[in-house]
Number of protein chains: 2
Amino acid sequence: MLEKERGNAAQVALGGAGERARRQPLRQPSIKDIARLARVSHPTVSRALQNSPLVNPATAAKIRKIAEAAGYRPSAVARGLVTRRTRTVGLVVTTVADPFAGEVACGIEQAANDHGYAVFLANSNADAECERKMVQALAERRVDGIIVTSSRVGSDYLPMLAELNVPMVLVNDQYPGEFVHSVMIANENGSRAATEHLIELGHRRIAYVGDRSGYQTETERLEGYKQALAAAGIEYAAELAVHGDGRPEAAVAAMDGLLKLADPPTAVCCYNDMTAMGAMRAIRTRGLRVPEDVSVTGFDDLFFAKYLEPSLTTVRQPMRRMGQMAMENLLKLMSGEDSVAQVKVEAELVVRGSTGRAGANPGLKVETGGTRASGAGRRNG
Amino acid sequence: MLEKERGNAAQVALGGAGERARRQPLRQPSIKDIARLARVSHPTVSRALQNSPLVNPATAAKIRKIAEAAGYRPSAVARGLVTRRTRTVGLVVTTVADPFAGEVACGIEQAANDHGYAVFLANSNADAECERKMVQALAERRVDGIIVTSSRVGSDYLPMLAELNVPMVLVNDQYPGEFVHSVMIANENGSRAATEHLIELGHRRIAYVGDRSGYQTETERLEGYKQALAAAGIEYAAELAVHGDGRPEAAVAAMDGLLKLADPPTAVCCYNDMTAMGAMRAIRTRGLRVPEDVSVTGFDDLFFAKYLEPSLTTVRQPMRRMGQMAMENLLKLMSGEDSVAQVKVEAELVVRGSTGRAGANPGLKVETGGTRASGAGRRNG
DNA sequence: ATTGCGACCGCAAACGTGTGCAATACGGCG
DNA sequence: CGCCGTATTGCACACGTTTGCGGTCGCAAT
């Protein structure tokens, strides 16, 4: 009864056009509100605001002015409901606190924003179960597309993708069948270039500190390392290939293990810059010097690489650009194109101060100021 | 006419319960679809799926099973439209590629996720105009709340907040009037502790390398530095307080300027770790050593601080925790509570290897292994 | 004067869900 | 046998927007 009365009151308020809504003090004005104000129907308002040629320019201008004055903001959720497109994408990532993910996310967000898309952030914390839940949640939000970086679930994506029917692109993780789209760095070439660089400096006993095994990037970078060894006629020694978890803490332990070997390495090729940072710490803790006693290479070229002491020789990934590319490919996918498939971007070796000639004294002393030299190794191709 | 016929066909298909929808092959099943399958009305399905006690447990179970089998995913956008709450928050940040922002974002995302909220990521690129646009866009998406970290617009928020009528909390930026809610680090205390630490080590000529001036965190940290000087009877020298932009590149230049002074500093208190990283580079480039020739302190305790060489003495912010707190406060605000206002979290000085006793030789040599010592300075309070 | 046409506008339906209320069924009680 | 309370379900509407289609009006052509 009370309810009914409220309903009637609303009806009355709606009838009187000059009357401003008073019932819900803190409601955003709707398209109908400003239609009433402009004394037109709400479809006309809708058309006016999207610059439809179907509406008289004069009334359109008037409507726009009134909408502006009323502080009207169209509801993306209502629009999404009827158009069945939310102009929204999901970004799932192990954690945005990871510098690599942060850079990629930045590129994605920028490209998305340029095209009027908003991006949902979802941390998987490197947990497969959690990652699956995230993708499900994104599907409920009716995102138009999904980008996953450095996935931890891998083979479960295929069925999920089929079920969800949502365009999806992976960055730095790929899926064998050519069903899933992706943008990847040239892991093998990059890792091979780094290792070749060490070999050219005279190193023969070269170690590799990887991520947890089983993920594609890890596998490929290890493979590049092996290729370079093989090409130089150096036998691959399993004891020299150890695993961390992609973060400095684990790398310290892994590197320390290598240094305790009877015949320790004089150079180490690391899975990424975080690992390299940990490796350098372990080396110094044992009283050894970089690069005089052991040379170190990284992968990624994160912002801190050139500010380490010595600055880090590493393989550069154009992370932000890769994020952009992923988003651009996703846009194509969402608009129906199906041709993008998977793109591979070239890696670039950046030689700095953490690598030196084998033997006690630094023969080739690259200036430590963070200057970037073009890759000494062969260009991948 | 044709339209009518299609309408009839749909009606027929809807009547035949056994018939699976064939007209729209790639449409997500709606609540009505599974209502038809379960031979109940769609409100019953809605109630069953949200465990309402109003529905018979047996039919509820049956409905859930059918929904599960059909791969039904409720549409958050439709739900948001009717409930007027999207369970969505916006996070605007200068850039997620910044490690500080990344950590905060991580904490926010986690807390949001725990409570069933999704977060929109919006980079402002430190541009006020862009930041305003972002907030507007978020309002159109009908977010339930907004978190802004390290804002660059400041005074424009008040009117926007009033107009948008969306709960909002700022992290590490605050607004004078007690209208805006915020969570902040104790900038003055932290910066003062760092400076006091340098003074206790015997330094008298202590420089400060800040961010661009005008932002609150910068002002407060500079203020803490001045307070410590004053308390020790050291006169503040304007030539020793210079500005970078919070990133290493600018810090290199700023620090280099300091070192060219007739009477250069023997210690430098930096606005944040990124700045400190740049300062260390500048010091080394001039052939000087850290900390023997000049001591350096940072602020933030980013992940790389303990892996620099030497490891960085800095003021720790519990960044992830601060993100969580911001989100939790926002949750309270969104549920109607209005009591949170602004919280200030304590900063903690972490002494490592980049600070040493004034004079050529390192007197107090903290172990370089990244071990964390409790603050030598007085605890702020 | 009727017809036709183009410009402009409103009607109504739809998107998928939640919810107040009425309706129905059923069992117990007087 | 009638009445009432309770459990369960369906009806109808709402949320704010888009869009196909039909309607009105003014004007030129027949």
Side-chain angles (χ1 to χ4, degrees), chain A residues 1-7 10-11 14 21 23-24 27-36 38-63 67 72-87 139-142, chain B residues 1-4 6-7 10-11 14 21 23-24 27-36 38-63 67 70 72-87 139-142:
Chain A
M1 191 177 290
L2 189 101
E3 192 59 27
K4 206 146 221 160
E5 190 165 333
R6 220 191 48 163
Q11 197 72 12
L14 193 140
R23 36 184 181 152
Q24 295 264 46
R27 207 202 62 196
Q28 302 248 5
S30 85
I31 204 173
K32 293 185 184 176
D33 292 323
I34 76 121
R36 200 180 322 132
R39 301 180 178 277
V40 293
S41 69
H42 70 271
T44 302
V45 175
S46 172
R47 284 187 264 256
L49 294 181
Q50 51 192 323
N51 299 324
S52 163
L54 293 180
V55 48
N56 188 322
T59 59
K62 170 182 152 196
I63 289 174
Y72 169 73
R73 296 278 145 209
S75 163
V77 10
R79 177 181 302 157
L81 183 58
V82 48
T83 63
R84 312 174 78 75
R85 305 191 57 236
T86 55
R87 298 187 83 77
E140 294 197 1
R141 301 267 177 199
R142 297 295 190 265
Chain B
M1 193 176 289
L2 189 103
E3 192 56 28
K4 206 146 222 161
R6 217 192 54 165
Q11 196 71 12
L14 190 141
R23 37 184 180 150
Q24 294 264 47
R27 208 201 60 196
Q28 301 248 6
S30 86
I31 205 174
K32 293 185 184 176
D33 293 323
I34 77 123
R36 201 179 319 134
R39 299 180 179 279
V40 293
S41 68
H42 72 271
T44 302
V45 175
S46 173
R47 284 188 263 257
L49 293 182
Q50 52 192 324
N51 298 322
S52 164
L54 293 180
V55 49
N56 189 323
T59 57
K62 169 183 154 198
I63 289 174
Y72 170 74
R73 296 278 145 208
S75 163
V77 8
R79 177 180 302 158
L81 183 58
V82 50
T83 64
R84 311 174 77 73
R85 304 191 59 238
T86 54
R87 297 187 84 77
E140 294 196 2
R141 302 267 179 199
R142 296 296 190 264

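Each chain gets a letter, A, B and so on, in the order its sequence line appears, and its residues count up from 1. Here the structure is a predicted model, which means the values were calculated and not measured.
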Can you tell which of dG16(D), dA12(C), dG16(C) lies closest to the side chain of V82(A)?
dG16(D)

Whether T83(A) contacts dT18(D) is assessed here as follows: a side-chain N or O lying under 4.0 Å from the phosphate OP1 or OP2. Is that the case?
no

Specify the separation, in whole Å, of atom NE2 of H42(B) and atom P of dA14(C).
14 Å

Per the end-axis method with five pairs at each terminus, what is the bend angle of the helix from dA1(C)-dT30(D) to dG30(C)-dC1(D), to 10°?
80°

For atom CD1 of I63(B) and atom P of dT17(C), their distance in whole Å
14 Å

Find the distance E140(A):CD to dG18(C):P and express it as a whole number of Å.
11 Å

Separation of dG18(C) C1' from L81(B) CG (nearest whole Å):
10 Å

Results of side-chain hydrogen bond (donor to acceptor under 3.5 Å, both in side chains) for T44(B) - residues two or more places apart only
S41(B)

Take the protein atom CZ of R79(A) and the nucleotide atom P of dG16(C), then report the distance between them rounded to whole Å.
18 Å

Checking contacts here: which listed nucleotide (dG18(C), dC15(D), dT17(C)) is nearest the side-chain heavy atoms of Y72(B)?
dT17(C)

If you check every side-chain atom of P43(B), which of dC11(D), dC15(D), dG18(C) has the closest atom?
dC11(D)

Length of the line joining R87(A):CZ and dC15(C):P, which is rounded to integer Å
22 Å

Write down the distance between CZ (R141(A)) and P (dG16(C)), rounded to a whole number of angstrom.
18 Å

Main-chain N/O of A139(A) paired to R142(A) side chain as donor or acceptor, under 3.5 Å
yes

V40(A) and side-chain contact (heavy atoms from CB on, under 4.5 Å): which partner among V45(A), N56(A), I34(A)?
V45(A)

NZ of K32(B) versus C1' of dC11(D): gap in Å, rounded?
12 Å

Stepwise, does the side-chain contact (heavy atoms from CB on, under 4.5 Å) test hold for R87(A) with R79(A)?
CA-CA 10 Å; R87(A) 298 187 83 77; R79(A) 177 181 302 157; over 6 Å; no

Could you run down the sub-3.5 Å N/O contacts of the protein with nucleotides 6-9 of chain D?
unit_1: dT9(D); atom_1: OP1; unit_2: T59(B); atom_2: OG1; d: 3.4
unit_1: dT9(D); atom_1: OP2; unit_2: N56(B); atom_2: N; d: 2.9
unit_1: dT9(D); atom_1: OP2; unit_2: T59(B); atom_2: OG1; d: 3.3

